[in-house]
Amino acid sequence: MKTWRNASLALSAAAVLALTTACGQEKGDQAPAGSVGAAAPAGAPAENGAGYGSGSGYGSGAGSGGQAAAAKPAGQLAVWDSKELGKVVTDSEGLTLYRFDKDTPNPPKSNCEGDCAKAWPVVAADGAKPPAGVDASLMGEITRADGTKQLTIDGWPMYRYIKDSKPGDVKGQGVGGTWFAAAPDGKKAALSGGGDEGAADDEGAGDEGAAEDQGGGSAADLAGLSVRKDPKLGEIVVDKNGMTVYRFEKDSAWPMKTACTGDCLEKWPVVAPVEKNDTEGISLKGYVTFDRPDGIKQQTIDCWPLYTFAGDKKPGDTNGQGVGGTWYAISPAGKMVGAPK
């Protein structure tokens with residue numbers, strides 16, 4: 001028994017060492033085991049002001065002590081005809097209902113818990129009635145871990161967004177490339193209708209618009225992450241659509257934390273996970289997935305979270321470079337290009 005225990009401790013120590021090495025802690029910084037690539041525990045206090053507490057962008061009233069607010073019933077659902085998104089499902093108060101790409105419809109399952117459920121309150125199934133003209137058989141429910149009955153539409157769990165405060169708000173649309181307003185059939189709301197199961201459901205969701213802008217050009221042939229020679233910045237990392245990839249100076253690599261949450265993600269969408277074999281020319285040191293506290297999975301290089309910029313409209317744009325003195329394009333090694341020393 002003693003020999004087995006010693007062996008177990010040795011394996012645990014080796015695992016911690018491997019994580020430390022992967023995240024490039026050349027200065028010998030120490031962090032608790034499990035802090036890399038994992039969200040802070042729900043309700044945990046923020047460290048150094050860059051954590052996930054009440055000032056993190058989830059919005060006031062998001063709950064405390066690790067508890068999400070009690071789920072509000074949807075009541076009589078309605079359909080709003082948006083000029084930008086087409087038909088959008090709302091609750092009885094006119095607030096937009098959303099679906100999460102990381103959930104599954106078959107079988108129906110929610111993957112938004114803890115802090116994620118504070119930012120994206122679940123919609124209670126009790127008393128929900130289908131909109132006029134919508135097949136009632138599409139509506140269902142799932143039982144969450146806390147016993148809450150959550151509304152589903154065609155198997156997709158439904159949520160509200162904490163930043164939506166009045167009817168017509170769709171501030172959650174496209175957040176993190178994984179959250180989308182729900183159409184009456186449970187698909188993602190889109191003017192073209194049924195724009196659900198295509199490229200938007202890939203890990204790179206949120207970048208599909210840029211891909212379409214290429215008109216079948218060379219960007220479609222790029223790896224998930226690769227390197228581009230910029231005439232001003234030199235070698236910088238781009239995503240599969242040729243869009244510039246950035247780092248945020250206020251983030252932390254060890255322990256891995258994000259300071260970009262809530263409204264920030266509308267301007268700086270995260271780079272979704274990319275397989276190592278779908279990269280070209282970039283460093284794979286600290287190339288791990290960051291499980292953010294809002295339920296979004298984010299790619300990192302050297303353990304630094306990666307983003308694109310909503311202000312970049314086409315491949316080659318670097319409009320995010322130097323914004324606020326905190327956002328910078330990155331080199332193939334994950335270093336910030338052009339940041340002050």
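Just the heavy atoms: all of them, side chains too, but no hydrogens, waters or symmetry mates, feed the values below.
Between K149 and T143, the side chains place a donor N or O and an acceptor N or O closer than 3.5 Å (distance only, hydrogens not considered).
Between the side chain of D302 and the main chain of W304, no donor-acceptor pair closer than 3.5 Å is present. In this structure, T96 contributes its side chain and D169 its backbone to a donor-acceptor pair below 3.5 Å. The main-chain N or O of E275 is never found under 3.5 Å from a side-chain atom of D278 such that the two would form a donor-acceptor pair. In this structure, D312 contributes its side chain and M243 its backbone to no donor-acceptor pair below 3.5 Å. Counting only distance, with no hydrogens or angles, the side chain of S82 and the backbone of E84 share a donor-acceptor pair below 3.5 Å. Side chain of T148 to backbone of Q150: no donor-acceptor contact under 3.5 angstrom is found. Looking at S252, its side chain never comes within 3.5 Å of a backbone N or O of M256 through a donor-acceptor pair. For the pair Q173 (side chain) and A181 (backbone), a donor-acceptor distance under 3.5 Å is present. The backbone N or O of Q321 sits nowhere less than 3.5 Å from a side-chain atom of T318 that would complete a donor-acceptor pair. Looking only at distances, a side-chain donor or acceptor of S92 sits under 3.5 Å from a matching main-chain atom of A74.
A pairwise comparison of heavy atoms in L222 and K240 identifies CB-O, 3.5 Å as the closest pair. Contact record, A310 with P269: N-CD, 4.1 Å, taken as the closest heavy-atom pair. Here the closest heavy-atom approach between residue W80 and residue V170 is recorded as CZ3-CG1, 3.8 Å. Between D164 and Y98, the shortest heavy-atom distance links the atoms OD2-OH, 2.5 Å. Contact record, A259 with K250: CB-O, 3.6 Å, taken as the closest heavy-atom pair. Heavy atoms only, all atoms of each residue included: T244 and A329 are closest at CG2-CB, 3.9 Å.
The shortest side-chain heavy-atom distance between D103 and Y159 falls under the 4.5 Å cut-off. Between Q298 and T289, the closest side-chain pair of non-hydrogen atoms is not below 4.5 Å. In this structure, T90 and V79 have side chains that are not in contact, with every pair of non-hydrogen atoms separated by 4.5 Å or more. At a threshold of 4.5 Å between non-hydrogen side-chain atoms, the residues P157 and F100 do not count as touching. With contacts defined as side-chain heavy-atom distances shorter than 4.5 Å, the pair Y287/V274 qualifies. Using a 4.5 Å cut-off on side-chain heavy atoms (C-beta onward), L77 and P130 make no contact. Contact annotation: the side chain of L138 never approaches that of T152 to less than 4.5 Å [non-hydrogen atoms, C-beta and beyond]. A 4.5 Å side-chain heavy-atom check between K188 and R99 finds at least one atom pair inside the cut-off.
Note: T258 OG1 to R292 CZ = 4.0 Å, rounded to the nearest 0.5 Å. Note that CG of L97 is 6.0 Å distant from CD1 of I153, once rounded to the nearest 0.5 Å. With values rounded to the nearest 0.5 angstrom, K87 atom NZ is found 4.5 Å from D81 atom CG. If you take CZ on R144 and NZ on K109, they are separated by 9.5 Å, rounding to the nearest 0.5 Å. Interatomic distance, OG1 of T300 versus CZ of R247, reported as 10.5 Å (0.5 Å rounding). S331 contributes atom OG, which lies 9.0 Å from atom CD of E235 (distance to the nearest 0.5 angstrom).
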Derivation and outcome, salt bridge (Lys or Arg N to Asp or Glu O under 4.0 Å), residues D294 and K118:
CA-CA 8 Å; D294 49 17; K118 297 179 189 178; over 6 Å; no
Exercise. Show your reasoning for whether ring pair (Phe, Tyr, Trp, His ring centres under 6.0 Å) applies to Y246 and W268.
Key: CA-CA 9 Å; Y246 299 89; W268 301 92; 5.5 Å; yes
Audit row: K72, E93, salt bridge (Lys or Arg N to Asp or Glu O under 4.0 Å) steps and yes/no: CA-CA 11 Å; K72 287 179 57 178; E93 297 179 359; 3.5 Å; yes
Derivation and outcome, side-chain contact (heavy atoms from CB on, under 4.5 Å), residues M158 and V122: CA-CA 6 Å; M158 292 290 113; V122 305; over 6 Å; no
Item to complete: Start with the C-alpha distance between D91 and R160, add both sets of side-chain angles, then the distance that settles side-chain contact (heavy atoms from CB on, under 4.5 Å), and finish with yes or no.
Response: CA-CA 9 Å; D91 66 10; R160 298 178 181 87; 2.7 Å; yes
Could you go through D239 and T308, starting from their C-alpha distance and side-chain angles, then the distance that decides it, and tell me whether this counts as side-chain contact (heavy atoms from CB on, under 4.5 Å)? CA-CA 8 Å; D239 69 6; T308 54; 3.7 Å; yes
Begin with the C-alpha distance, continue with both residues' side-chain angles, and end with the deciding distance and a verdict on side-chain contact (heavy atoms from CB on, under 4.5 Å) for V175 and L265. CA-CA 6 Å; V175 167; L265 292 178; 4.0 Å; yes
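Cluster partners of I236 are L233, V337, counting Ile, Leu, Val, Met, Phe, Trp and Tyr whose side-chain heavy atoms approach within less than 4.5 Å, directly or via other members.
No continuous path of ILVMFWY side-chain contacts below 4.5 Å connects W327 to M336, so the two sit in separate hydrophobic clusters. Cluster annotation: F309 is not connected to Y328 through the hydrophobic network of ILVMFWY side chains, with a link wherever side-chain heavy atoms come within less than 4.5 Å. In this structure, L95 is not a member of the same hydrophobic cluster as V89, with clusters built from ILVMFWY side-chain heavy atoms closer than 4.5 Å. Grouping the Ile, Leu, Val, Met, Phe, Trp and Tyr side chains by contacts below 4.5 angstrom, directly or via other members, places L151 apart from I142.
The existence of a salt bridge linking D230 and R228 is confirmed by a sub-4.0 Å separation between a basic side-chain nitrogen and an acidic carboxylate oxygen.
Each of D291, N111, T178 was evaluated against K297; a single residue qualifies, D291, per the side-chain hydrogen bond (donor to acceptor under 3.5 Å, both in side chains) test. Considering I301, V271, I282 as possible partners of V245, the one that fulfils the side-chain contact (heavy atoms from CB on, under 4.5 Å) test is V271.
Taking the six-membered ring for Trp and thresholds of 30 and 60 degrees, Y307 and F248 have ring planes more than 60 degrees apart, a perpendicular arrangement. Below 30°, between 30° and 60°, or above 60°: for W179 and W120 the angle between ring planes is below 30°, a parallel geometry.
Crowding of E249 atom CD: a count of heavy atoms from other residues, nucleotides or ligands under 6.0 Å exceeding 12.
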